[in-house]
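In what follows, chains are A, B, ... by sequence order, proteins preceding strands, each numbered from 1. Worth saying up front: this structure is predicted, and the values here are computed from it rather than measured.
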There are 2 protein chains.
Amino acid sequence: MRNEGILSQEMLEVPEKPSVLSVLASCSALNTLDEQQREVLCDESFMAYAERGEMIWLAGSTMQFVAICGTGFIKMTRTTPKGSEVAVELLGPGQCLGLIAAIEGRVYPLNATAVTNSWYLKVPTRAIHEVYNSNERLRDSLLRSLAPRLRKAHEMMARMSSEKIEQRLAAVLLILAETYATDCDAGTVLTVPLTRQDLAEMAGTTVETAIRVMSKWQKQQVLSTNHQWITIRSIPALEDLLTA
Amino acid sequence: MRNEGILSQEMLEVPEKPSVLSVLASCSALNTLDEQQREVLCDESFMAYAERGEMIWLAGSTMQFVAICGTGFIKMTRTTPKGSEVAVELLGPGQCLGLIAAIEGRVYPLNATAVTNSWYLKVPTRAIHEVYNSNERLRDSLLRSLAPRLRKAHEMMARMSSEKIEQRLAAVLLILAETYATDCDAGTVLTVPLTRQDLAEMAGTTVETAIRVMSKWQKQQVLSTNHQWITIRSIPALEDLLTA
DNA sequence: TCCCAGCTATGACGAGCGTCATGTCCTAGG
DNA sequence: CCTAGGACATGACGCTCGTCATAGCTGGGA
């Protein structure tokens, strides 16, 4: 199938390396920086590359750098005492990683893994500190970028702890669709390629169960998949599954 | 049993009404306020009282007031699509509720219910805005009070979605013990009285299962309970249960 | 005084889902 | 061209835990 080839390729090829400045500008948490401050950060920062599956950050390591996602997607996971990984956040272009921990001077509590081939910007923690201490408005924008994350975390907590995995998976897909999707004639297609393993981690279940549920939904025409590319054929149908 | 009577009484009696100023001073998120700002808030705020089980805040209502816990404990819950309540946070004296939503001008997404008879301070949203806009350091302290909440939420998310309920309950008790406990000769006693229902909501399970697990642990001498008062006899034993 | 309401407790049953095992398809690499 | 590995798929089995039903206990109010 031709379409399949294109999509697979898209995932495997190395995306074009973005410029340091463009990544800085795309970061909403830093949108209150003025020209001069941006230059300061620009001079000390550099782009880094990670292949799909590559670990970018290890939980517990000291924050030498803050990372800002340039292209691609990065998942943040926690390792449970028993060894399985649970994804708590998915970052796309313009979102940053470890900023709060850096400001607080704490170690970062999550693992970061590239979900797709990704370029990301590494900004030294020291440079962040300088800017943070000299920019009052930055605190305001940081606060506003943190609040929705807390809300989403609370929402997911509630879902994870009470609902059956079919509901959880539906919730995960809908949340992903909100942020990372474009419409096409066949429905809503997620712009981030996710394996069943990725989905399982986000819904807090096993690969097998994730596969079973996804297969069932494909038979029911709720969605269709093409390897890691997921097209939701009917958003309302998925929403119905939330309360079923 | 005499001890039992004292503890039950303690829970039922109306706690002494604290002063507005003392509650403001106890709030760590507002610890950067200067004398004058505190007075502004003081003049416009007033104490309110809630009995055990009383709803203080309904999810989705507009933020006329921000609440600061004075005495007692308040649980923040989300209602799932199917109607069950899931507790996402437990607030004690000095912690505040709705501050971020108020600053952002959003509706508050959680229900707030008094777990014990509680006095809390109601601060008008408008007054909060004034102070927020005129105090740069407040943003910093708010940021620092928000960050640990996000971390805890991520931790709970990971636990809720991956672990068996026995582990979840152990985790809940240990987290509670970190924040709301004092040592006594019999072990570590939680300073907040919680019903099995409360525990179940926090662990994302049912009352019956919570009761079963708690009973089992009492038989195993891991902890002992006296109505809603829980004494952890062996913290290490509980910690072992986390990884079991 | 009696009854009711709320919390705790315990048993039976069955569905959901985690675990293990096996198999297919596709791509990469030698 | 053949093989190895990773993603997807499907079946069997058994434990966990949610659901329903029942009951004892205590404190408060009529």
Fill in: T225(A) side chain to Q218(A) side chain, donor-acceptor N/O pair below 3.5 angstrom
yes
Discussion item. Hydrogens and angles aside, do T79(A) and N111(A) bring a side-chain donor and acceptor to less than 3.5 Å of each other?
Written reply: yes
Practice prompt. Measure from the side-chain N and O atoms of Y180(A) to the backbone N and O of G92(A), and report whether any donor-acceptor pair falls under 3.5 Å.
Written response: yes
Worksheet entry | Nucleotide-resolved protein contact map, nucleotides 4-13 of chain C, B/S/- at heavy-atom distance under 4.0 Å | ---SBBBBB-
Worksheet item: Hey, does the side chain of T206(A) come within less than 4.0 Å of dC17(C)'s phosphate (OP1/OP2), counting only N and O?
Response: no
Worksheet item: Within this structure, what is the CD-to-P distance between E201(A) and dA7(D), rounded to whole angstrom?
Response: 11 Å
Worksheet item: Just by modelled atom types, is the M160(A) backbone N or O under 3.5 Å from a matching donor or acceptor in the R168(A) side chain?
Response: yes
Worksheet item: What parts of residues 72-80 of chain B reach DNA chain C, counting only heavy atoms under 4.0 Å away?
Response: none
Worksheet, complete the sentence: Atom CZ of R168(A) and atom P of dG16(C) are separated, to the nearest Å, by 14 Å
Worksheet item: Within less than 4.0 Å of OP1 or OP2 of dG18(C), is there a side-chain N or O belonging to T205(A)?
Response: yes
Fill in: T116(A) side chain to F73(A) backbone, donor-acceptor under 3.5 Å
yes
Worksheet item: Judged by modelled atom types alone, do T205(A) and R212(A) share a side-chain donor-acceptor pair under 3.5 Å?
Response: no
Discussion item. Has R52(B) got a side-chain atom pairing as donor or acceptor with V115(B)'s backbone, closer than 3.5 angstrom?
Written reply: yes
Response to the item:
Of W57(A), F46(A), Y120(A), Y108(A), the one forming a ring pair (Phe, Tyr, Trp, His ring centres under 6.0 Å) with F65(A) is F46(A)
Practice prompt. For E163(A) and dC17(D), give me the distance from atom CD to atom P, rounded to whole Å.
Written response: 18 Å
Worksheet entry | Under-4.0 Å side-chain N/O to phosphate OP1/OP2 contact, T209(A) with dC17(C) | no
